[in-house]
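As structure tokens, the structure follows; a few thoughts come after it.
Index from 1, following the sequence. Treat the numbers as computed from the prediction; the structure is a model and nothing was measured. Atoms within a ligand are numbered from 1 in the order they appear, just like the ligands themselves. The figures here come from the full heavy-atom set of this structure, side chains too, leaving out hydrogens, waters and symmetry mates.
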Amino acid sequence: MKRVSTICPYCGTGCNIYLTSKNGRVVGVYPSRHNEINSAKLCVKGWNIPEFITHPDRLKKPLIRKNGELTECEWEEALAFSAQKLLEIKTKNSPDAIGVIGSARCTNEELYLAQKFARAAIGTNNIDHCARICHAPTVTGLIASLGSGGMTNPIHDIKNAKTIILIGGNPFEAHPIIAGHIIDAIDNGTELIVADPRRTRLCDFAAMHLQLNPGSDIALINAMAKVIIDENLTDQEFIKNNTEKYEEFKESFKDLSLEEAQFITGIDKEKIRLAARRYATQKPSSIIYTLGITEHYTGTANVRALANLTLLTGNIGKPGSGINPLRGQNNVQGGCDMGVAPFMLPGYKFISPLCGGNSDKKTIKKYEEVCRVPFPPQQGFMTPQMIEGALRGDIKAMWIMGEDLLTTEANAHKSQKALENLHFLIVSDLFLTPTAQRADVVFPACTFAEKEGTFTNTERRVQRIHKVIEPLGESKSDLEIISLLSSKMNYPMEYESAEEVFEEMKSLTPQYAGINYGRIESEGGIQWPCPREDSKGTPILHSEGIARGKGEFYVPEFLEPREIPDEKFPFYLSTGRILFHYNCGSMSGRTTRLAREFSENFVMINPEDARRFGIEEHEEAVVSTRRGEITVRAKITDETAPGLLWMPINFYKSRTNVLTNDAMDEKSGVSEVKVCAAAIKRSEK
Ligand SMILES: Nc1nc2c(c(=O)[nH]1)N[C@H]1C(S)=C(S)[C@@H](COP(=O)(O)OP(=O)(O)OC[C@H]3O[C@@H](n4cnc5c(=O)[nH]c(N)nc54)[C@H](O)[C@@H]3O)O[C@H]1N2
Ligand SMILES: Nc1nc2c(c(=O)[nH]1)N[C@H]1C(S)=C(S)[C@@H](COP(=O)(O)OP(=O)(O)OC[C@H]3O[C@@H](n4cnc5c(=O)[nH]c(N)nc54)[C@H](O)[C@@H]3O)O[C@H]1N2
Ligand code: SF4
Ligand SMILES: [Mo]
């Protein structure tokens, strides 16, 4: 048996693992003991990694559509046909008629090449990835407030907090190893305050649960800020030296009433007061948040509201403090770092007015030198804009790498129409997902276990993944696929290794400039920014002053969710994750032990509502919204408050996103998948 050290390919925690292999199959997995993230622990997905890797459903040959059917073909045919179609559309229409979506499941090296392919081989800024429907507001919000969009403190530092506010996050299911760090901290005296419309599992360990109405976060956070200001719990010294716009901010809170906040959030005002006092006085205090904050059409404002709390109390730049977005995908942090977004280049160099950026001539010149072609002049489309563009007919072709857009983007029927409208669609994936089934060409990609490269986890730690087995069948790494297609399109990409791509990427990404493969191995991963070879990396951001210069206070306005319950759709519907499955379910759904726990989609409903609507436990119910309906089994539980339905997103065979709202946060492009209006009834069948 061969043993190789690598990184878990599921969530952004980035657990260190060993894989063992025999006769070209991965046969075992166990956690590494010596690391700061998951020493000797894994969650249930981690423990069950091997099965999907060599699952019989893996794509082993390229597919091409012939007479309406996807048929196996040789690589040469798939590549030549794809190159010819893309070049045709590029010449006949324009480079901007093509859109590329990279994958947060891929390595940094592959993500770097994905954006290079779009910008240099095609000549368009139409490049994006799933951060758009995830933590995009973290990037826009935290950069605007603080100057850096990353998690400020490392995972192992959670234990140093005296108070933790966990808002809009369910790490017990979505980041279980991090939930373990939180529970360890509680055992050592840390107080946890959970703000979530559902009674999630960590509520059992919490000092307080603020069960707010969905989408009312700004009202809650502003009310907490008001208490902190009124009761003189601010850190005036910190505010004076490290922030700007405080006076305006304070002034805007003069007339804010806690009664109104109580009305909007549904939380007793004395409870809000107590939470604010604890956060401001039991220091150091840390804020941990995830998608309950970001996936709203006010996502960026929600994030900025939280940043205000850290600035008011000086809870930043020190151990146990900070503002900590738990990033979702194994390498979504890397996707953002690599500039896989239409408005920024590697290293968060903003090239459009979004995020306050401008077309910095020096940055673009350097990019042109490395890529040896002129930079695309037009501003690019974010994923939802590509979908709109396809519906209008402006976007004619797309290459979707490792995203099951039809399962995971909001308003699935709309995305489906958009893909049907395309002249040409390429998908690269491990499996024939619902999205891949619509493609004209499917490239069989290989898994993390079949390639070399780096992933950057949620705490900005760049870590190495290693090849354990040879690519299955004729599958290839995304690095190879992108290079081959690019070369066929007369823009040669000829790299000897992933390391060579890393070295090129570094020259454009100052945060990674001091990192190399050797250092990553010997130092157990490096947390960016690491600008020079003699820099040790940066576990805690803002420790030598706020990255932006001064932290900027911002006055977030509470706005109701885009859809609120009415007579026809009397419920709020929210969506999210369960422990045993991962995103579209392409991997976890093919893992026997995970699928055994939850084999199909369901809807959570409060016992009171179930009684009122005649819904029975485990019976089928029809959930509908203005965009569609699906039939799923009911799970009756007081985890959800009365008036709130909740569904997981993790089943590609029953797509919750048929229901969700694609109302978009203009600042970040995120869709409001965390709240819409819905109805439920017993299934007549
Ligand atoms: N097992 C598993 N783990 C995963 C994933 C997976 O699919 N399965 N996916 C990964 C990815 S890509 C991501 S981004 C992360 C996401 O990780 P999380 O964001 O923690 O997961 P979610 O379940 O989407 O949502 C978190 C919580 O937000 C709450 N919420 C909903 N609406 C609101 C609101 O208006 N306000 C507040 N305050 N809370 C609200 C929900 O009740 C839920 O408990 O998980 C990662 N880890
Ligand atoms: N309603 C609702 N919708 C949501 C969310 C929500 O909370 N509610 N959350 C959103 C969030 S946070 C996210 S991040 C998205 C996630 O949405 P997706 O990115 O679509 O989800 P994944 O399941 O991670 O899908 C990635 C695909 O990549 C493939 N893959 C895995 N490894 C590789 C590889 O190395 N190469 C290639 N080419 N492919 C690979 C997998 O087989 C899978 O089909 O979903 C979003 N959708
Ligand atoms: S917590 Fe995340 S990274 Fe760790 S084993 Fe579980 S899925 Fe993998
Ligand atoms: Mo995500």
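- Between the side chains of Thr300 and Thr140, at least one donor-acceptor pair of N or O atoms lies under 3.5 Å.
- Note on ligand 2: Gly328 sits outside its first shell, no heavy atom being nearer than 4.0 Å.
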Exercise. Would Ser654 and Asn601 count as a side chain to side chain donor-acceptor pair (under 3.5 Å) if you check the C-alpha gap in whole Å, the side-chain angles of each, and the deciding distance to 0.1 Å?
Worked result: CA-CA 6 Å; Ser654 162; Asn601 201 355; 3.1 Å; yes
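- Protein heavy atom nearest atom 2 (C) of ligand 2, with residue, atom name and distance: Ile649 CG2, 3.2 Å.
- Considering backbone and side-chain N/O atoms, Lys451 comes within less than 3.5 Å of an N/O atom of ligand 2.
- Between the side chains of Asn108 and Thr454, a donor-acceptor pair is found at a separation under 3.5 Å.
- Atom-to-atom distance recorded for Phe602:CZ and Lys635:NZ is 6.0 Å, nearest 0.5 angstrom.
- No heavy atom of Ala131 sits closer than 4.0 Å to any atom of ligand 2.
- Checked against the 6.0 Å centroid criterion, the rings of Trp75 and Phe443 qualify as a close aromatic pair.
- Here's the thing with Asn583: one of its N/O atoms is less than 3.5 angstrom from an N/O atom of ligand 2.
- Judged by distance alone, the side chain of Thr640 and the main-chain N or O of Arg198 form no donor-acceptor pair under 3.5 Å.
- Under a 4.0 angstrom heavy-atom cut-off, Ile133 registers as being in contact with ligand 2.
- The parts of Thr408 lying near ligand 2 are both backbone and side chain, judged by heavy-atom distances below 4.0 Å.
- Between Ser586 and ligand 2, an N or O atom pair is found at a separation short of 3.5 Å.
- Between Cys106 atom SG and Asn331 atom CG the span is 8.5 Å, to the nearest 0.5 Å.
- Of the heavy atoms in His135, none comes closer than 4.0 Å to ligand 2.
- Using a 4.0 Å cutoff on heavy atoms, Met647 does not count as a contact of ligand 2.
- For the 3.5 Å distance criterion, the side chains of Gln385 and Arg132 fail to qualify, holding no donor opposite an acceptor.
- Side-chain contact check for Asp196 and Thr200: no donor-acceptor pair (N or O, by modelled atom type) lies under 3.5 Å.
- Between Asn330, Ile101, Ile481, Asp478, it is Asp478 that holds the heavy atom closest to atom 34 (C) of ligand 2.
- Contact annotation for Glu409 and ligand 2: no heavy atom of the residue comes within less than 4.0 Å of the ligand.
- For the ligand labelled ligand 2, residue Arg577 lies inside the 4.0 Å heavy-atom shell.
- Close contacts between ligand 2 and Cys106 involve ligand atoms 36 (N) [criterion: under 4.0 Å to a heavy atom].
- The nearest heavy-atom contact from the protein to atom 29 (C) of ligand 2 is Asp429 OD1, 3.3 Å.
- Ligand 2 has a nitrogen or oxygen under 3.5 angstrom from a nitrogen or oxygen of Gly402.
- The CG atom of Leu111 sits 9.5 Å away from the OG1 atom of Thr456 when rounded to the nearest 0.5 Å.
- With rounding to the nearest 0.5 Å, the separation of CZ in Arg105 from NE2 in His129 is 12.5 Å.
- With no hydrogens or angles considered, no side-chain donor-acceptor pair links Arg627 and Asn411 at under 3.5 Å.
- At least one N/O-N/O distance between Cys584 and ligand 2 falls below 3.5 Å.
- Remark: Phe117 engages Trp399 in a ring pair (Phe, Tyr, Trp, His ring centres under 6.0 Å) (not counting sequence neighbours).
- When hydrogens are left out, the protein atom nearest atom 32 (N) of ligand 2 is Arg105 CB, 3.6 Å; that is the closest non-hydrogen contact.
- Between the side chains of Tyr582 and Gln329, a donor-acceptor pair is found at a separation under 3.5 Å.
- Taken from CG in Leu79 to NZ in Lys476, the straight-line distance is 8.0 Å, to the nearest 0.5 Å.
- Of all atoms in ligand 2, numbered sequentially from 1 with element shown, those under 4.0 Å from a heavy atom of Ala445 are 36 (N), 37 (C), 38 (N).
- Excluding waters, the count of protein N/O/S atoms less than 2.8 Å from atom 4 (Fe) of ligand 3 comes to 1.
- By the criterion of a heavy-atom distance under 4.0 Å, neither the backbone nor the side chain of Val332 is placed next to ligand 2.
- The aromatic ring centroids of Phe651 and His581 lie less than 6.0 Å from each other.
- The nearest protein atom to atom 40 (C) of ligand 2, hydrogens excluded, is given as Leu430 CG, 3.8 Å; this is a heavy-atom distance.
- Put simply, the side chain of Val29 does not reach to within 4.5 Å of the side chain of Tyr18, judged on heavy atoms.
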For this session: Let me see the working for Arg655 and Val658 under side chain to side chain contact (heavy atoms under 4.5 Å, CB included), right down to the final yes or no.
Result: CA-CA 6 Å; Arg655 295 173 297 144; Val658 161; 4.3 Å; yes
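- Closest to atom 5 (C) of ligand 2 among all protein heavy atoms lies Glu295 OE2, 3.4 Å.
- Taking any N or O of Asn657, backbone or side chain, at least one lies under 3.5 Å from an N or O belonging to ligand 2.
- Side-chain N or O atoms of Gln527 include one that pairs as donor or acceptor with a backbone N or O of Glu459 at under 3.5 Å.
- Contact annotation for Thr407 and ligand 2: no heavy atom of the residue comes within less than 4.0 Å of the ligand.
- When Lys476, Arg590, Gln329, His581 are checked for heavy-atom proximity to atom 19 (O) of ligand 2, Gln329 turns out nearest.
- When only interatomic distances are considered, the shortest N/O to N/O separation between Thr575 and ligand 2 falls below 3.5 Å.
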